[in-house]
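Keep in mind that what you see is a predicted model, and the values were worked out from it rather than measured. Side chains included, hydrogens not; waters and symmetry mates left out as well; all remaining heavy atoms used.
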Amino acid sequence: MVEEHHVTAEPIWVYPKEDPEWLEQIVKEFRIHRVTAQILISRGFNSFDQINHYLYSKLPDLYDPKLFLDMTTVLRRITEALKKGEGILIYGDNDVDGMTGTALLTEFLRMVGGKVEFYVPNQNIQRQALFLDAIEYASEKGCTLMITVDCGITAAKEIQKVVSHEIDVIITDHHEPTDKIPHCVATLNPKLINQTYPNRDLTGVGVVFKLVHALTNHFLTQEEELKKKIDLKIFLDLVALGTIADMGALLGENRILVRYGLKQLQKTKRIGLLKLFTICGVNLSEVSTIDIASKIAPRMNSLGRVADPRKGVELLLVRDDATAESLAKELDLFNIERQKIEQVVTIDVDKILKTQPEVLKNKGIVISSKKWHPGVIPIISARIAKQYNRPTIIIAVDNEIGKGSIRTIKEFPLLPVLKKCSDLLVNYGGHDYAAGLTIKEENIERFKKRFIHTANSTLREQDIISKLQVDARADFKDLTYDLLSSLELFEPYGNENLQPILYCDAKQSWPPKVIGGSHLKLYLEQEDRMLEGIAFGMADRCASLRRKSLQLRIAYTPQINRFHNKSSIQLLIRDFQITTSQ
């Protein structure tokens, strides 16, 4: 569980919409708990088909990869490269999505006899030098085909230079295209304007998986020499890792890929991953999306932030025990290094926000410094955007060039705003809710004014107040092991598919305890049933709960607490409101 150590404004509760007639139909059709049915209604499901697909989809329900525009051209060019024995360079982005996609494509193409090299750029390379560093590497290794993974869609000029060195380029990416689409052999990207592929939310590794799926189907229809039946399930562990780490929406196709990917992770043969799981203290038989997001992804991402991201790909591909052990330990050390750097920058950023209260009078936050390491600013911009619930840009300046990381709220998509500011930027790219930019130091002040003006004029006061969506009312009598088992149908949890949050009114049996310095343990009672609740990061609200016989309205997620071979139901408290007191 990710802990919060800061004081945040109490959110506005958004209560679920109710539709008693539809609820009865869902309960009857699917024979599920009434609370579970209400959660489905709260999340906008309005047909049996939608619910059936969400709850029970399987691998055969994945879309045909041939629905991708350009897939036929991609298959033709890769097949030609394999037949001629051409050198193929996989050029991946330096985050977990890029590393997993690079490992997947490298491993697959080598399995079918390809002569494959991979390259992952270092974080410290200037944005405008990306891809150009690959020209020398490709020439050195004799590669005449370059396939990008999780990058390339916003690098038209750089790709043009690569092509001018007689290297064919295929782009696989999932970021939003900007004005000019790179001129290359073909582009696989679910976000292209005229794209016919139904799932816009694939991550970089998801796009690569669709490519290897299409290649496998293609080989089975081709001549004998390339016929090789490969069980694509062996790659789903990588797809799950990259999709979760990149915060891919866990709905539709992504949800199927991650659900089966987690099962594959439980039996993975990847020695490097097994060693990393051991070091992180993650139990492989119970691995969850939270384990990956909070323990595995930060360690792998630390390579892209403060070290050499190629080691992340090596860790996923390594086949011998000693190297795997040493790489996993190295990742852990780099993560400690990343945490130290991050802590220094965090203290500095928090100090700015504390000593310059005028920054928070605006509906957008833009701060920059020459002292910050560019590798950790994405983590910090995400934290600040969440803490203050407004679009946030953190810019690290070095050698008169600023690298910025941007996170935002759903009411303020980024790419249209960045497009309007493009005259001040060297480069930008990403998604509507998480993006990056490169800017000359001399332009930062003008950009800041323009961005903040747009935020102030677009967002309303209520937009920047954080909201807590509650899914259903559930009293203590509803909290049975049957209900908790029924809630497992909503897994895997992640972006766009959060853990259900329930609510009810309960009485406080006796005052709360502060545990671990910053958390609260609550003792709650309703109709003679008593339950304990844990409220992470809410110790600062303890004083308000000291009075006797308080009545509370609690928003919570029920959990099974296993301790000394005994299991009990406890509540993860998301928020509470005091309703009455004596």
Q) Do L479 and L531 have side-chain heavy atoms sitting under 4.5 Å apart? A) yes
Q: Answer yes or no: does atom CD of E358 have more than 12 heavy-atom neighbours from other residues, nucleotides or ligands under 6.0 Å?
A: yes
Q: For N254 and T243, test the side chains for any donor-to-acceptor distance below 3.5 angstrom and give the result as yes or no.
A: no
Q.
If we count only N and O atoms by modelled type, under 3.5 Å, do the side chains of Q508 and R546 hold a donor and an acceptor together?
A. no
Q: Go through K363 and E461 one step at a time and tell me if the salt bridge (Lys or Arg N to Asp or Glu O under 4.0 Å) criterion holds.
A: CA-CA 8 Å; K363 295 189 178 79; E461 207 57 47; 3.6 Å; yes
Q.
As a quick check of understanding, evaluate salt bridge (Lys or Arg N to Asp or Glu O under 4.0 Å) for E496 and K410, giving each step before the final call.
A. CA-CA 11 Å; E496 302 283 332; K410 74 172 192 303; over 6 Å; no
Q. Is it true that R460 and E411 make a salt bridge, defined as a side-chain N closer than 4.0 Å to a carboxylate O?
A. no
Q. Who passes side-chain hydrogen bond (donor to acceptor under 3.5 Å, both in side chains) against N456, sequence neighbours left out?
A. N362
(Q) Under 3.5 Å, is there a donor on one side chain and an acceptor on the other for Y197 and K210? (A) yes
List, one per line, each side-chain donor-acceptor pair under 3.5 Å for residues 34-43, sequence neighbours excluded.
residue: R34; atom: NH1; partner: E24; partner atom: OE2; Å: 3.4
residue: R34; atom: NH2; partner: E24; partner atom: OE2; Å: 2.3
residue: T36; atom: OG1; partner: S486; partner atom: OG; Å: 2.6
residue: Q38; atom: NE2; partner: K17; partner atom: O; Å: 2.9
residue: Q38; atom: NE2; partner: S42; partner atom: OG; Å: 3.1
residue: S42; atom: OG; partner: Q38; partner atom: O; Å: 2.9
residue: S42; atom: OG; partner: D471; partner atom: O; Å: 2.4
residue: R43; atom: NE; partner: D471; partner atom: OD1; Å: 3.1
residue: R43; atom: NH1; partner: L498; partner atom: O; Å: 2.8
residue: R43; atom: NH2; partner: D471; partner atom: OD2; Å: 3.1
residue: R43; atom: NH2; partner: L498; partner atom: O; Å: 2.8

Q: Over 60° means perpendicular and under 30° means parallel, so classify the ring planes of Y556 and F476, tilted if in between.
A: perpendicular
Q) What heavy-atom pair brings I560 and S567 nearest, and what distance separates the two atoms? A) CG2-CB, 3.8 Å
Q | Charged tip of K448 within 45° of F451 ring normal and under 6.0 Å | A | no
Q. Can you name the nearest heavy-atom pair linking G204 to D97, along with the distance?
A. N-OD2, 2.7 Å
Q. Hey, are E532 and K521 close enough for a salt bridge, meaning a charged N less than 4.0 Å from a carboxylate O?
A. yes
For residues 342-350, tabulate all N or O donor-acceptor pairs below 3.5 Å that involve a side-chain atom, not counting sequence neighbours.
residue: E342; atom: OE1; partner: R338; partner atom: NH1; Å: 2.2
residue: T346; atom: OG1; partner: E342; partner atom: O; Å: 2.8
residue: D348; atom: OD2; partner: W372; partner atom: NE1; Å: 2.8
residue: D350; atom: OD1; partner: R383; partner atom: NH2; Å: 3.0
residue: D350; atom: OD2; partner: R383; partner atom: NH2; Å: 3.3

Q: Compute whether any side-chain donor of one residue and acceptor of the other, for Q264 and D237, lie under 3.5 angstrom apart.
A: no
Q. Cation-pi between R541 and F576: NZ/CZ under 6.0 Å from ring centre and within 45° of the ring axis?
A. yes
Q | Side-chain donor-acceptor contact under 3.5 Å, Y428 with E176 | A | no
Q. Within 45° of the six-membered ring axis of Y54 and under 6.0 Å from that ring's centre, is NZ or CZ of R255 located there?
A. yes
(Q) A quick test of your reading: do over 12 heavy atoms of other residues, nucleotides or ligands sit less than 6.0 Å from NZ of K507? (A) no
Q) Quick check, are the ring centers of W22 and F48 under 6.0 angstrom apart? A) yes
Q | Sidechain N-carboxylate O distance under 4.0 Å for D332, R299 | A | yes
Q. Quick one: do D575 and R553 make a salt bridge, cutoff under 4.0 Å?
A. no
Q) Would you find more than 12 non-hydrogen atoms of other residues, nucleotides or ligands less than 6.0 Å from K420 atom NZ? A) no
